[in-house]
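Note sheet for the following structure.
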Amino acid sequence: MTLQLFNSLGRKKEPFVPRIPGQVGIYVCGITAYDYCHIGHARVMVCFDTLVRHLRAGGLQVTHVCNFTDIDDKIIRRALQEQVAIEELTTRFIAAFHEDMAALGVKRADVEPKATEHLPEMRTMIATLIDKGLAYESGGDVFFAVDRFPSYGRLSGKHLDELESGARVDVDLRKRNPLDFVLWKGAKPEEPHWPSPWGDGRPGWHIECSAMGVKYLGEAFDLHGGGRDLIFPHHENEIAQTEGATGKPWVTCWLHNGFVNVVDETGQKEKMSKSLDNFRTIRDLLAAWRGETIRLFLLNSHYRAPLDFSLELLDAARAGLDRLYGALRAACEVLDVLPEPTAVYWAREQQERPDGHAQRFREAMDDDLNTPRALAVLFDLARMINRTVGECQHGGDKASLQQQVALLRGLGAILGLCGDAPEHHFRFCPADAAGQESEQGRLSDEAVERLIEQRTIARRNRDFAGADRMRAELAAGGIVLEDQKERTLWRREA
RNA sequence: GGCCGGGUGGCGAAGUGGCCUAACGCAGAGGUCUGCAAAACCUUCAUUCGUGGGUUCAAAUCCCACCCCGGCCUCCA
């Protein structure tokens, strides 16, 4: 079975066949750097990071491009509000983006181009479009003429005539067709601008992805992804510009992930978005939950389905992750070292692993990135590991345990999970504002270890009342104990 | 108005014609283990898949109608 992906262009699953055997180019629409990222952004990045990991596990050489929009209306407005230079603002939020993504286990893209660093490419493309009669100057701006691109609307399933009849705001008299979109905006006073044959100004939003996509991945490449909300008009416009300029088909397969919705107290749902001001930033959440927990939460539903966000669901995800790491930790009781969390590489591994788990995992991922099903395999493996640990403790064979744990880590790595030391997971200490009082009440790792030692002595002396008192003391600090044969493990409760 | 997703157990979520008396996770119940716990393991937890029709030997899965939720058509991941 080969990888099948749901192509938004045509709205059906298709076998994924790289244009160049063994190689894949993927462009993911990144962020506009003017604010912190929220769960919606996290979803896109985790989703495509996972896809890239899976492609690589399949032996493909992937070039992953993810851009930054570092000039646009919102950025200008925000910089003005905060009284900072535009570049300072964008630099700050790009750095924040990198931090957040690192916490979520999202690998850096191979290329992270910025719009402001690609003015020449954009101008060239605009010039070509004008030459070809697909774009025109009007009132200091340059517009793309949608009428001149016959397949406009193909991606979004919209027809020009229907769009035009729809109620549209702001009829711009400089446009020949109200749907024409701007490629180049004439400079306004006080705004950053660059020179161009059509006068000073700055690029429109859509053109940057076209120009940078072509530059780094070519006039034709395999995959282009982003959130559902980008289908129209952003991606529709990208296609029109690029294919208009090059005269040939651009992207083979368009991928779009579903929204993250927010449910309020009354049960009302709505899409999480900046403009609705109902978003939770990743950074907020990272105070109370590990990034990996957020990642598991996101991967627990299929990427194209809508996803409702709630704190309760994050707690459930944390409990699920506890289970996975619990198995790894149990394995530590038998194995001296855990196998490296290196992603399974199918080309090499598949013959050696006829065992059902790897197979099931791969089939799930190959089926349009069915991460919930892939995750189920991980949980099944965890159960098996727990069982095997029990057998090992009764004199069973360690080799199969070693293999199972290696598989859990190897498959986990494709999802970007289970890569840490179990203790790192269980001792995670929420830095969250849950309270100032918790600041004092919080026990340091060392203090916990000390109390546990005392308790061990008490238990040895069969002073169970004393031991229970110490356990209660630890419990008050959010510490849960697990007595093993030889030692006592502990974890912090959420 | 046009177009697009989604409605599966207490919750989340797979499954899209027979392996489904519905995977997996969370929560719950009982048991084993334990000084007691915790964790783990075992057992249990939807004869039912928004509603009503229909097609079929067979439907959560296909067709028709309807209801509900969300989104896009304007910046948005």
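Each chain gets a letter, A, B and so on, in the order its sequence line appears, and its residues count up from 1.
Comparing C73(B), G71(B), G25(B) by their nearest atom to the side chain of Glu270(A) picks out G71(B). When distances run from any side-chain atom of Ala376(A) to the nucleotides C24(B), A38(B), A77(B), the shortest one goes to C24(B). Taking every side-chain heavy atom of Arg323(A) into account, C41(B) is the closest of G35(B), C41(B), A13(B). Listed candidates were A14(B), A38(B), C73(B). Nearest to the side chain of Arg373(A) is A14(B). Out of C73(B), G5(B), G71(B), the shortest distance to the side chain of Phe259(A) is found at G71(B). In this structure, the nucleotide among C11(B), C75(B), G2(B) sitting nearest to the side chain of Leu313(A) is C11(B).
The aromatic rings of His224(A) and Tyr27(A) sit tilted, their planes meeting at an angle between 30° and 60°. Relative ring orientation between His234(A) and His206(A) is described as tilted, the plane-to-plane angle lying within the 30° to 60° band.
Separating the CE atom of Met272(A) from the P atom of C75(B) is a distance of 22 Å, rounded to the nearest angstrom. Atom CG in Asp368(A) sits roughly 9 Å away from atom P in G15(B) (whole-Å rounding). Here the C1' atom of nucleotide C76(B) and the CG atom of Asn237(A) are 14 Å apart, to the nearest Å. Rounded to whole angstrom, the span from the CD atom of Gln484(A) across to the C1' atom of A39(B) amounts to 7 Å. Here A23(B) presents its C1' atom at 16 Å from CZ of Phe361(A), a figure rounded to the nearest Å.
Note on Glu449(A) versus Arg427(A): salt bridge recorded, some NZ/NE/NH1/NH2 to OD/OE distance being below 4.0 Å. Salt bridge present: Asp468(A) and Arg471(A) bring a charged side-chain N and a carboxylate O closer than 4.0 Å. Using a cutoff of 4.0 Å between basic side-chain nitrogens and carboxylate oxygens, Glu99(A) and Arg283(A) are scored as salt-bridged. In summary, Arg176(A) and Asp147(A) do not engage in a salt bridge, as defined by a charged side-chain N under 4.0 Å from a carboxylate O.
Summary of the strand contacts: Ile31(A) and His302(A) both lie near RNA chain B, and taking for each the nucleotide with the nearest heavy atom, the more 5' one is attributed to His302(A). In this structure, Ala467(A) and Tyr303(A) both approach RNA chain B, and ranking their closest nucleotides by distance from the 5' end singles out Tyr303(A).
Rounded to whole Å, the separation between the C1' atoms of G9(B) and G5(B) comes to 23 Å. Remark: the separation of the P atoms in C49(B) and G10(B) is 13 Å, to the nearest Å. Distance check on atom C1': U47(B) versus U8(B) gives 14 Å, rounded to whole Å. If you take atom P in G30(B) and the same atom in C69(B), they sit 39 Å apart, rounded to whole Å.
No donor-acceptor contact under 3.5 Å links the side chain of Lys74(A) to the base of C76(B). The base of G35(B) sits within donor-acceptor range of the side chain of Asp468(A), with an N or O pair under 3.5 Å. Asp322(A) contributes no side-chain N or O that forms a donor-acceptor pair with the base of C26(B) under 3.5 Å.
For G5(B), the paired base is C69(B) (Watson-Crick or G-U wobble, both distances below 3.5 Å).
For Asn300(A) and C24(B), the shortest distance from a side-chain N or O to OP1 or OP2 is not below 4.0 Å. For the pair Arg228(A) and G70(B), the criterion of a side-chain N or O lying under 4.0 Å from OP1 or OP2 is not met. Not one side-chain nitrogen or oxygen of Arg304(A) sits closer than 4.0 Å to the OP1 or OP2 atom of C4(B). Proximity of Asn386(A) to the phosphate of C41(B): a side-chain N or O atom is located under 4.0 Å from OP1 or OP2. Between Lys271(A) and C72(B) there is a side-chain polar atom (N or O) within less than 4.0 angstrom of OP1 or OP2. Between Arg462(A) and G35(B) there is no side-chain polar atom (N or O) within less than 4.0 angstrom of OP1 or OP2.
Aromatic ring centres of His38(A) and Phe309(A) lie farther apart than the 6.0 Å criterion allows.
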